[in-house]
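In what follows, a single structure is set out as structure tokens and then discussed.
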Amino acid sequence: MIQFLLSLAFMYFGYLKLTAHPMHVENFTEVYGYGKTIMYCIGAIEVTSGIGLLIGFMKKGFVPISSGALAVVMVGAITTHLKVGQGIEVAMKPFIFFVLSVVIFLVSTSESDED
């Protein structure tokens, strides 16, 4: 269930980045100083990994790759929020997504070891 909900969340947040939602454009260009290209890349990783988590229900090999990629992206998000001074309150959402991604990664890799 967590894997399904996480996939939906990342597909949604990635979609907002890929469609250049004004809030994300402002954050990436003015607050973080990254630019639109990075925003589109992160959005593509989020959508692709979210889809990978869904495919993982049928093909288990997609889960560790997708959840691992999402965990790396969330480390970047946490670092970015803290670096620009937004505080732990803002960094908490990506931290929770990081923890969930790591849990899914660990569960999926332990299941593949048992096969």
Side-chain angles (χ1 to χ4, degrees):
M1 181 62 125
I2 293 173
Q3 180 178 330
F4 178 72
L5 294 175
L6 195 65
S7 69
L8 293 180
F10 276 110
M11 286 190 295
Y12 173 70
F13 292 125
Y15 167 80
L16 291 177
K17 291 174 183 79
L18 290 174
T19 57
H21 187 278
M23 179 189 70
H24 287 288
V25 171
E26 179 182 348
N27 283 339
F28 273 83
T29 58
E30 296 175 23
V31 179
Y32 311 144
Y34 290 151
K36 287 185 180 180
T37 303
I38 299 296
M39 179 186 72
Y40 290 132
C41 289
I42 292 173
I45 292 168
E46 289 176 347
V47 169
T48 304
S49 296
I51 292 169
L53 288 176
L54 287 179
I55 293 171
F57 285 110
M58 296 172 284
K59 298 195 180 269
K60 299 291 184 198
F62 280 86
V63 177
I65 297 166
S66 299
S67 59
L70 291 171
V72 170
V73 169
M74 290 300 100
V75 168
I78 295 163
T79 303
T80 297
H81 289 304
L82 295 175
K83 181 180 150 192
V84 299
Q86 291 181 320
I88 194 71
E89 299 85 20
V90 176
M92 191 53 66
K93 181 172 67 172
F95 177 75
I96 291 168
F97 283 139
F98 167 75
V99 170
L100 292 174
S101 297
V102 169
V103 167
I104 291 170
F105 176 83
L106 293 173
V107 168
S108 69
T109 55
S110 70
E111 287 175 354
S112 65
D113 290 342
E114 295 172 2
D115 292 338

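It should be emphasised that the depicted structure is a prediction, and the values quoted were computed from it without experimental measurement.
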Quick one: [atom1] on [X] to [atom2] on [Y], what's the gap to the nearest 0.5 Å?
{"X": "I104", "Y": "L70", "atom1": "CD1", "atom2": "CG", "answer": "8.5 Å"}
{"X": "I38", "Y": "T29", "atom1": "CD1", "atom2": "OG1", "answer": "12.5 Å"}
{"X": "L54", "Y": "L6", "atom1": "CG", "atom2": "CG", "answer": "10.0 Å"}
{"X": "H21", "Y": "E26", "atom1": "NE2", "atom2": "CD", "answer": "11.0 Å"}
{"X": "L53", "Y": "L5", "atom1": "CG", "atom2": "CG", "answer": "11.0 Å"}
{"X": "S101", "Y": "Q3", "atom1": "OG", "atom2": "CD", "answer": "10.5 Å"}

Over all atoms of both residues, closest heavy-atom pair of [X] and [Y]:
{"X": "M39", "Y": "K17", "answer": "CE-O, 3.4 Å"}
{"X": "P94", "Y": "H81", "answer": "CG-CD2, 3.6 Å"}
{"X": "M11", "Y": "I51", "answer": "SD-CG1, 3.6 Å"}
{"X": "S110", "Y": "V107", "answer": "OG-O, 3.0 Å"}
{"X": "P64", "Y": "T109", "answer": "CB-CG2, 4.0 Å"}
{"X": "V63", "Y": "S108", "answer": "CG1-CB, 3.4 Å"}

Sidechain-backbone polar pair: Q86 side chain, A91 backbone, donor-acceptor under 3.5 Å: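 Between the backbone of A91 and the side chain of Q86 there is no qualifying donor-acceptor contact (under 3.5 Å).
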
Decide if atom [atom1] of [X] counts as having more than 12 heavy atoms of other residues, nucleotides or ligands within a radius under 6.0 Å.
{"X": "I2", "atom1": "CD1", "answer": "no"}
{"X": "Y15", "atom1": "OH", "answer": "no"}
{"X": "Y40", "atom1": "OH", "answer": "yes"}

Do [X] and [Y] sit in the same hydrophobic cluster, where Ile, Leu, Val, Met, Phe, Trp and Tyr count as joined when their side-chain heavy atoms come under 4.5 Å apart?
{"X": "V90", "Y": "I96", "value": "no"}
{"X": "F62", "Y": "M1", "value": "yes"}
{"X": "F98", "Y": "I65", "value": "no"}
{"X": "V47", "Y": "V72", "value": "no"}

Out of L100, I78, I88, which one pairs with F95 under the side-chain contact (heavy atoms from CB on, under 4.5 Å) rule? I78

Classify the ring geometry of F28 against Y32: parallel below 30°, tilted from 30° to 60°, perpendicular beyond 60°.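 Ring orientation of F28 relative to Y32: perpendicular.
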
Does A44 have any side chain to side chain contact (heavy atoms under 4.5 Å, CB included) partners at least two apart in sequence or in another chain, and if so, which? L18

Would you call V73 and F10 a side-chain contact if the rule is heavy atoms closer than 4.5 Å? no

Let's go through K93 and F13 carefully: what are the C-alpha distance in whole Å and the side-chain angles of both, what is the deciding distance for side chain to side chain contact (heavy atoms under 4.5 Å, CB included) to 0.1 Å, and is it a yes or a no? CA-CA 12 Å; K93 181 172 67 172; F13 292 125; 4.0 Å; yes

